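Because the structure is predicted, anything quoted here is derived from the model rather than measured. One-based numbering, in listed order, for ligands and for the atoms of each.
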Amino acid sequence: MSNALVTEKKLSNFINGEWVSAQQDHFAPVVNPANGEKLIDVPLSSQEDVNQAVEAAKKAQKEWALVPAPQRAEVLYRVGYIMKERKEHLSQILTMENGKVIEEARGEVQEGIDMAFYMAGEGRRLFGHTTPAELKDKFAMSQRAPVGVVGIITPWNFPIAIATWKSFPAIVAGNAVIWKPATETPMMAYEMAKIFVEAGLPNGVVNVVFGSGSEVGDAMVEHSDIRVISFTGSNETGRTIAGKCGQLLKKVSLEMGGKNAVIVMDDANLDLAVQGIIWSAYGTSGQRCTACSRVIVHESVKEQLEERLLAEIDHLTIGDGLDEQNKVGPIINEAGLRKIEKYVQIGQEEGARLLAGGNALNEGDLNKGYYFAPTLFTDVKPDMRIAKEEIFGPVLSIIPVKDLDEAIEVNNDVAFGLSSSIFTQDINKVFKAQRDLDTGIVYVNAGTTGAEIHLPFGGTKGTGNGHRDSGQAALDVFTEWKAVYVDFSGKLQRAQIDVE
Ligand code: NAD
């Protein structure tokens, strides 16, 4: 497969249904991490471009909010069908710009398709509540109202799924969207904008402004007419955004990093546990927010587990994700590679024992891209930095424990709270773990990754700020609750006062 899939040389912003050049003539190259080839140039837009997009969005939103929700949903159904028809095309471009292996890219595109149909269904729900009023001849209800113009800021590691988790609920609820994708992976946004046009979304309801976080992202956060920021990315960025939104009293939804663990108890089906761990730790080269980077294992099965993991690691084929044979693709860029190397060094200095990997891969064609060997550390102590900090690469740490209580304690004793998993055959342990694991997602006898779009997605503690993407919970980010009272008594009835 070649660059033939990418026919443009330079991307433009998508504002008010048109492709518009950015105000300043600055571009950054988008590079295929599998082979270092340049795919396209992405504009580095400025505050003026954001302002232009917001003006278009404000105008469009007023009319879009008045379109009955079932009709708004019709557009999302069409988006879903077009994505379905174009699934292979989208998946291949996704692999080229992000590096994840094609099977995973197809899975990610499927997540977007699922989200389109799920949120389209909301067009005929968007439920509010009716409730009895406390006074006679009075009616009370609450309903969801759109917020207005919303900003979504997305990372490179799931460039299409996360954008659909955010934009589809925003659209069906009657908002207009300004979307800033990561500069590493802009082509998914370009493809989605084309799909929105074909699906008949009115001009200005979704606008894409390409550019850096510090310029375009910041301009969105600061813009007084963007009433919500929905962000997914690193903690460092999330914290900066949250601080600014706090000052501006702007609603902000943050989905950030993880330090996810698989717990393996002494009664676990070890073969199954190994499969779940390998998939969660080394899939997407460990660059998932839900990646497993810790295995908390009962000491009595530690050695057996290590042996089986090492055997499986040996079978992982590494290379360009467009080759169906490969199971592990590249790291997103040079900086990502260097960060992983740094953590391996930290782990060794801290006294963890390296069982596999630990180095960048440069042999043959791998030399052209950014590859890192699947890495396994053992005898890791819970307080080591490699057991506490997000590495975002294929680096897994084995931490031995003596029982379930200690496993849960170790799992919870990190700054993040996204995903956790337990392998056990004991129903009592299952129920204790699902109650006591302090993460937004818990898996039983499965790895730490594999969320379904109709359930809420997000985490506790440093992973987020209490909001969720996906599922019904996503609607809470993009709607305001409006309480409506209708008094049909014909007289002034004062709440709390004129009650008998
Ligand atoms: P990042 O924080 O570097 O960038 C994310 C987005 O924010 C990009 O579009 C970037 O341009 C923008 N940005 C950067 N600085 C900004 C600023 N000052 N103001 C506004 N926007 C700004 O993150 P990344 O490296 O692209 O993504 C990896 C991170 O995302 C990891 O920490 C991963 O765990 C996290 N992530 C979390 C989830 C989740 O749902 N919890 C899902 C996927 C990824």
*Could you find the nearest protein heavy atom to atom 16 (C) of ligand 1 and give me its residue, atom name and distance?*
T237 CG2, 3.3 Å
*Is the number of heavy atoms from other residues, nucleotides or ligands within 6.0 Å of CG (D383) greater than 12?*
yes
*Check each of F457, W156, F210 against atom 40 (O) of ligand 1 and report the one with the nearest heavy atom.*
F457
*G257 heavy atoms, cut-off 4.0 Å: which ligand 1 atoms fall inside?*
32 (O), 34 (O)
_Closer than 4.0 angstrom, basic N to acidic O: yes or no for K58 and E55?_
yes
*Say whether E390, considering both its backbone and side-chain N or O atoms, lies within less than 3.5 Å of an N or O atom on ligand 1.*
yes
_Nearest-neighbour protein heavy atom for atom 35 (C) of ligand 1, which is reported as residue plus atom name and distance_ = G233 O, 3.2 Å
*Among protein heavy atoms, which lies nearest atom 11 (O) of ligand 1, and at what distance?*
K180 NZ, 2.8 Å
_Check: D49 side chain, Q23 main-chain N or O, donor-acceptor pair, under 3.5 Å_ = yes
*Provide the closest heavy-atom pair for A474 versus M119 in the form atom of the first, atom of the second, distance.*
CB-CE, 4.4 Å
*Side chains of N13 and F210: closer than 4.5 Å at any heavy-atom pair?*
yes
*Do E255 and R468 sit within salt-bridge range, that is, some charged N less than 4.0 Å from a carboxylate O?*
no
*Heavy atoms, side chains only, cut-off 4.5 Å: are K259 and S293 in contact?*
yes
*Kindly give the heavy-atom pair with the smallest separation between L322 and I102, and that separation in Å.*
CD2-CD1, 4.2 Å
*What residue and heavy atom of the protein are closest to atom 23 (O) of ligand 1, and at what distance?*
S234 N, 3.3 Å
*If you count the atoms of ligand 1 from 1 in the order shown, which ones are under 4.0 Å from a heavy atom of D218?*
19 (N), 20 (C)
*Heavy atom of A182, distance to ligand 1 below 4.0 Å*: yes
*If you count the non-hydrogen atoms of other residues, nucleotides and ligands that lie under 6.0 Å from NZ in K368, is the total more than 12?*
no
*Answer side chain, backbone, both or neither: which part of T154 comes under 4.0 Å from ligand 1, heavy atoms only.*
backbone
*For ligand 1, the portion of I241 having any non-hydrogen atom under 4.0 Å away*: side chain
*Nearest protein heavy-atom contact for atom 36 (N) of ligand 1: which residue, which atom, what distance?*
C289 CB, 3.6 Å
_Option passing side chain to side chain contact (heavy atoms under 4.5 Å, CB included) with P159 (candidates E191, E97, E184, M192)_ = E97
_Nearest non-hydrogen partners of E108 and A161, listed with the distance_ = OE2-N, 2.9 Å
*Mark up the atoms of ligand 1 that fall under 4.0 Å of a heavy atom belonging to N157, in ascending order.*
43 (C), 44 (C)
*Assess whether atom CD of E48 is packed by more than 12 heavy atoms of other residues, nucleotides or ligands within 6.0 Å.*
yes
*asked:* Checking a contact table here: which protein heavy atom is nearest atom 37 (C) of ligand 1, and how many Å away?
replied: M256 O, 3.1 Å
*Among all protein non-hydrogen atoms, which one is nearest to atom 12 (C) of ligand 1, and what is the separation to 0.1 Å?*
I153 CG2, 3.6 Å
*Where's the contact between F158 and ligand 1, heavy-atom distance under 4.0 Å: side chain, backbone, both or neither?*
neither
_For E236, which part has a heavy atom under 4.0 Å from ligand 1: side chain, backbone, both, or neither?_
neither
_Within the 4.0 Å heavy-atom shell around I162, which atoms of ligand 1 are there?_
42 (C), 43 (C)
*Look at atom 22 (C) of ligand 1 and say which protein heavy atom is nearest, naming residue and atom and giving the distance to 0.1 Å.*
G213 CA, 3.3 Å
*Protein non-hydrogen atom below 4.0 angstrom of atom 19 (N) of ligand 1 present*: yes
*From the options I152, T232, N260, select the one whose nearest heavy atom is closest to atom 5 (C) of ligand 1.*
T232
*Kindly indicate whether a cation-pi arrangement holds for K194 with F14, taking the cut-offs as under 6.0 Å to the six-membered ring centre and within 45° of the axis.*
no
*Which ligand 1 atoms are under 4.0 Å away from a heavy-atom of G217?*
19 (N), 20 (C), 21 (N)
